[in-house]
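In the text below, chain A, chain B and the rest are named by the order of the sequence lines, each starting its count at 1. In this text the structure is predicted, and so the values were computed from the model without any measurement.
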Amino acid sequence: MNWNQALSDHFKQTLQKLISQEKCELSTLPDVQFSKPAQKIHGDVATNIALVLAKPLKMKPREVADRIVPALAAKADLFAKVEIAGPGFINMWIQPHVLLSVLEDISRENEKYGHSTLGQGKKVQVEFVSANPTGPLHIGHGRGAIYGDVLGNVLAAAGYDVSKEYYVNDVGVQMTTLGRSVYLRLQELQGQKIEFPETCYQGAYIRDIAREVLALDPKIASSSEADAIAFCGKYAGDKILKEIQDDLAATGVIHDVTFFEHELHEHDAVKKVFQKLEKSGHTYEQDGALWFRSTVFGDDKDRVLRKNDGSLTYFAADIAYHEHKYARGFDRIIDIWGADHGGYVARIKAVVQALGYEADSFDAVLIQLVNLIRDGELISMSTRSAQYETLADVRNEVGKDACRYFFLMRSHHAQLDFDLNLAKSESTENPVYYIQYAYARIQSVFRKALEKGLKPPKTCDLTLLNLPEEIDLAVFLSEYRQVVHDAAAGLEPHRIAFYALELALAFQGYYSQAKHDDRYRFLTDDAKATEAKLYLLKNIAIVLHNALTLMGLSAPEEMIKGKEDT
RNA sequence: GCGCCUGUAGCUCAGUGGAUUAGAGCAUCAGACUACGAAUCUGAGGGUCGUAGGUUCAAAUCCUGCCAGGCGCGCCA
């Protein structure tokens with residue numbers, strides 16, 4: 001049983017009765033909001049409903065509370081105590097066995113615990129990374145990758161049918177520039193004097209690719225420049241994309257779909273979407289260019305689709321791409337971009353509406369930038385000079401799990417300082433190992449129990465879990481459902497990271513009590529008590545495991561220094 | 001100039017669909033291992049919630065102005 005539900009049901013009945021007795025202007029019942037009091041002395045759960053109802057009932061808040069409380073207190077199977085406090089808060093103490101009942105839910109639902117039906121099976125596409133295959137991923141991409149990956153996991157847990165997608169811009173000037181960069185390096189390798197423009201890609205990997213192309217086809221330089229550049233571009237693009245995908249896989253990120261821009265052009269998707277927009281009057285011609293009337297939907301200015309030289313803008317293909325997304329049957333689309341694309345949001349939102357889809361069905365999430373900190377110093381990044389830190393470098397230095405967790409440690413709305421020293425340290429300071437250690441520690445207890453022939457039981461006598469920390473832990477475990485729900489509803493996967501850390505902290509505190517209080521020992525001669533402790537531990541482990549899994553982190557059986565993330 | 005994001009303890013940050021005494025980690029200081037892993041725990045100090053107003057019985061939270069930082073304002077991608 002979910003006691004939150006029971007509580008809310010009981011309130012509804014009680015209030016309905018009260019409102020029908022009093023002549024009151026309320027036609028509908030206001031939503032009763034429950035909150036966990038900041039102070040323990042205010043009970044397990046509290047509500048301000050008496051303060052909210054005071055005005056419509058034309059009573060003083062405390063009088064309203066006086067009318068509500070007896071009906072609540074009468075329900076002794078749910079409430080241990082109900083009090084009125086302060087201006088009219090109703091503070092409630094829930095029966096311990098009710099609070100503990102969540103353990104049975106967790107045991108039963110196991111890896112499904114924390115899942116919900118928020119998404120109602122709706123198809124949602126999460127598109128992220130989508131870096132052009134012109135060079136290795138940097139840490140900014142890394143943050144977007146982890147955010148998108150974990151958001152997808154969280155949405156799936158919340159009952160959405162999730163598809164993770166990578167959009168490859170394999171058409172356009174960037175690919176030509178890539179081809180030219182390789183071609184120039186290739187000529188250089190052949191001893192020609194070249195001028196390498198600043199606009200070309202400066203990284204050393206370009207030379208490596210040039211070398212490969214040359215080995216593959218030594219005569220390449222003698223074909224026409226346009227052909228050679230096209231060949232180099234295609235070769236380099238394919239190779240770099242492969243490397244990006246390997247890089248992502250090594251970081252634990254796998255996209256369900258890789259979508260190539262050239263597919264849109266092959267199917268005249270751009271032309272077709274132009275026709276659709278024209279038919280609905282959302283485009284016009286001016287100064288030799290084709291424009292999209294995005295100002296109708298609140299954009300700052302109208303946007304060009306086809307330039308006066310006849311070529312298409314990036315935006316044009318993107319419109320076709322989004323039309324294609326909807327055509328594939330997604331009920332909801334989430335695009336994850338770097339903060340530098342903020343100016344792009346309004347026009348895509350406009351497109352979505354112009355194409356006839358609900359504005360609410362589309363979200364563009366902007367991920368703020370990442371600062372890399374080493375020894376307390378900011379490592380400046382410059383793409384121009386190719387001195388940026390790659391995702392691969394960071395991951396190899398700190399390990400996959402630490403890398404992922406650190407990207408989740410901050411709300412995506414805010415810039416992230418990624419402290420390399422801290423991420424690398426295999427110590428108590430590092431939250432990711434702290435969480436994993438809590439899990440490993442429970443597994444260690446289970447190994448010890450097994451030596452005595454004991455296994456975590458399927459059920460137990462809950463009344464034996466009567467220490468305050470045990471009740472608190474059960475309450476905290478019950479909050480996990482809401483955390484996952486909120487993380488999905490608000491597109492805020494970082495909530496999982498904070499929750500997991502807090503749960504680990506709560507467990508470690510509980511565990512350590514045993515040093516000076518035998519009541520906290522798990523494995524004792526009292527078989528029933530031992531069973532109950534193991535049962536609680538099992539449920540903590542399940543929730544830790546679920547949270548770690550959502551974040552794409554391993555839940556290790558044991559921690560061995562220097563051996564994580566191999 | 002306009003738009004978006006951010007400003008909370010020395011540091012890094014939670015909390016922002018209002019509500020009882022604003023939280024965590026790190027750092028600092030003081031303590032705790034002959035028993036389930038000390039990669040641990042307990043305690044202490046530390047905050048005009050950027051600022052000035054406003055709404056409210058009640059504001060870190062809602063509204064407005066201002067200050068500071070980041071990003072963006074292309075017939076680039």
Side-chain angles (χ1 to χ4, degrees), chain A residues 31 33 35 37-39 41-43 46-48 51-52 54-55 60-61 85-89 91 132 134 169 172-175 177 286-291 299-301 303-315 317-318 338-346 366-369 371 373 376 409-417 419 422 425-431 433-434 436-438 440-449 451-452 490 494-495 497-499 501-502 505 508-516 518 520-524 530 533-534 537 558-561 564:
Chain A
D31 258 359
Q33 292 187 18
S35 61
Q39 307 291 317
I41 54 164
H42 295 129
T47 180
N48 63 350
L51 289 90
V52 173
K55 205 171 255 179
K60 288 179 180 165
F89 291 102
N91 292 338
N132 292 344
T134 56
N169 297 118
V173 300
Q174 293 207 22
M175 297 310 292
T177 303
Q286 190 179 3
D287 304 330
L290 180 68
W291 295 74
D299 197 5
D300 293 338
K301 53 185 85 166
R303 306 291 173 176
V304 170
L305 300 175
R306 190 176 58 232
K307 306 176 212 171
N308 58 18
D309 69 357
S311 65
L312 297 174
T313 58
Y314 172 86
F315 180 47
D318 224 15
D340 55 340
H341 287 67
Y344 206 68
V345 176
L366 301 177
I367 309 293
Q368 296 296 317
L369 67 82
N371 290 314
I373 310 286
M409 271 173 42
R410 185 92 161 90
S411 157
H412 66 274
H413 290 117
Q415 295 186 14
L416 169 71
D417 286 332
D419 185 330
L422 179 58
S425 81
E426 295 173 3
S427 73
T428 165
E429 304 160 35
N430 192 334
Y433 295 133
Y434 184 89
Q436 290 178 323
Y437 178 57
R441 203 173 213 182
I442 293 173
Q443 300 308 315
S444 176
V445 173
F446 289 163
R447 283 191 292 273
K448 268 284 191 296
E451 288 172 13
K452 300 186 176 191
H494 72 279
R495 291 177 183 277
F498 283 95
Y499 177 87
L501 181 58
E502 281 180 45
L505 278 161
Q508 299 280 28
Y510 168 59
Y511 176 97
S512 299
Q513 298 276 337
K515 283 172 192 160
H516 53 80
D518 281 346
Y520 287 82
R521 292 199 55 76
F522 304 141
L523 308 173
T524 60
T530 298
K533 305 285 190 196
L534 290 176
L537 290 190
E558 54 186 332
M559 300 292 281
I560 303 165
K561 224 167 191 165
E564 292 84 19

Using the [atom1] atom on both, measure [N] against [M] and round to a whole Å.
{"N": "B:G74", "M": "B:U55", "atom1": "P", "value": "41 Å"}
{"N": "B:A22", "M": "B:U16", "atom1": "C1'", "value": "12 Å"}
{"N": "B:C76", "M": "B:U6", "atom1": "C1'", "value": "27 Å"}
{"N": "B:G54", "M": "B:G15", "atom1": "P", "value": "29 Å"}
{"N": "B:A24", "M": "B:G43", "atom1": "P", "value": "10 Å"}
{"N": "B:A59", "M": "B:G50", "atom1": "P", "value": "15 Å"}
{"N": "B:C33", "M": "B:U40", "atom1": "C1'", "value": "10 Å"}
{"N": "B:G10", "M": "B:A27", "atom1": "C1'", "value": "8 Å"}

Centroid under 5.5 Å and tilt under 30°, A:Tyr511 to B:C36: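 It does not: the ring fails the test against the base of B:C36.
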Output field: ring centroids A:Phe522/A:Tyr510 closer than 6.0 Å: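 Between A:Tyr510 and A:Phe522, which both carry aromatic rings, the centre distance is below 6.0 Å.
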Phosphate OP1/OP2 of B:C41: any A:Ser512 side-chain N/O under 4.0 Å: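 For B:C41, neither OP1 nor OP2 has a side-chain N or O of A:Ser512 closer than 4.0 Å.
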B:A38 OP1/OP2 closer than 4.0 Å to side-chain N/O of A:Arg441: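 A:Arg441 to B:A38 OP1/OP2: side-chain N or O found under 4.0 Å.
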What is the nucleic acid contact for [X], judged by heavy atoms within less than 4.0 Å: base, sugar-phosphate only, or nothing?
{"X": "A:Phe522", "value": "base"}
{"X": "A:Asp318", "value": "nothing"}
{"X": "A:Leu305", "value": "nothing"}
{"X": "A:Gln513", "value": "nothing"}
{"X": "A:Tyr520", "value": "base"}
{"X": "A:Ser411", "value": "sugar-phosphate"}
{"X": "A:Ala46", "value": "base"}

Distance criterion of 3.5 Å, no angle test: do you see the side chain of [X] paired donor-to-acceptor with the base of [N]?
{"X": "A:Lys515", "N": "B:U40", "answer": "yes"}
{"X": "A:His42", "N": "B:U20", "answer": "yes"}
{"X": "A:Asn91", "N": "B:U20", "answer": "yes"}

Secondary-structure notation, RNA chain B, from Watson-Crick and G-U pairs under 3.5 angstrom (| other strand): (((((((..((((.........)))).(((((.......))))).....(((((.......))))))))))))....
Inter-residue atom distance A:Arg441.CZ - A:Glu558.CD, 0.5 Å rounding: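 Between atom CZ of A:Arg441 and atom CD of A:Glu558 there are 14.5 Å.
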A:Lys307 side, atom NZ; A:Leu312 side, atom CG - distance, nearest 0.5 Å: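 If we round to the nearest 0.5 Å, A:Lys307:NZ and A:Leu312:CG are 8.5 Å apart.
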Whole-Å distance separating the CE atom of A:Met559 from the C1' atom of B:A38: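 A:Met559 atom CE is separated from B:A38 atom C1' by 14 Å.
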Rounded interatomic separation in angstrom, taking CD from A:Gln33 and P from B:U61: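 Going from CD in A:Gln33 over to P in B:U61 covers 17 Å.
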Aromatic plane relationship, A:Phe315 with A:Tyr344 - under 30° parallel, 30 to 60° tilted, over 60° perpendicular: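 A:Tyr344 vs A:Phe315 ring planes: perpendicular.
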Protein proximity profile, nucleotides 70-77 of chain B - base contact B, sugar-phosphate-only contact S, no contact -, cut-off 4.0 Å on heavy atoms: SSSSSBSB
Earlier contact from the 5' end, RNA chain B, for A:Leu501 and A:Pro37: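 Residue closer to the 5' terminus by nearest nucleotide: A:Pro37.
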Give me, pair by pair, the N or O atoms of the protein and of nucleotides 10-12 of chain B that are less than 3.5 Å apart, along with how far apart they are.
none

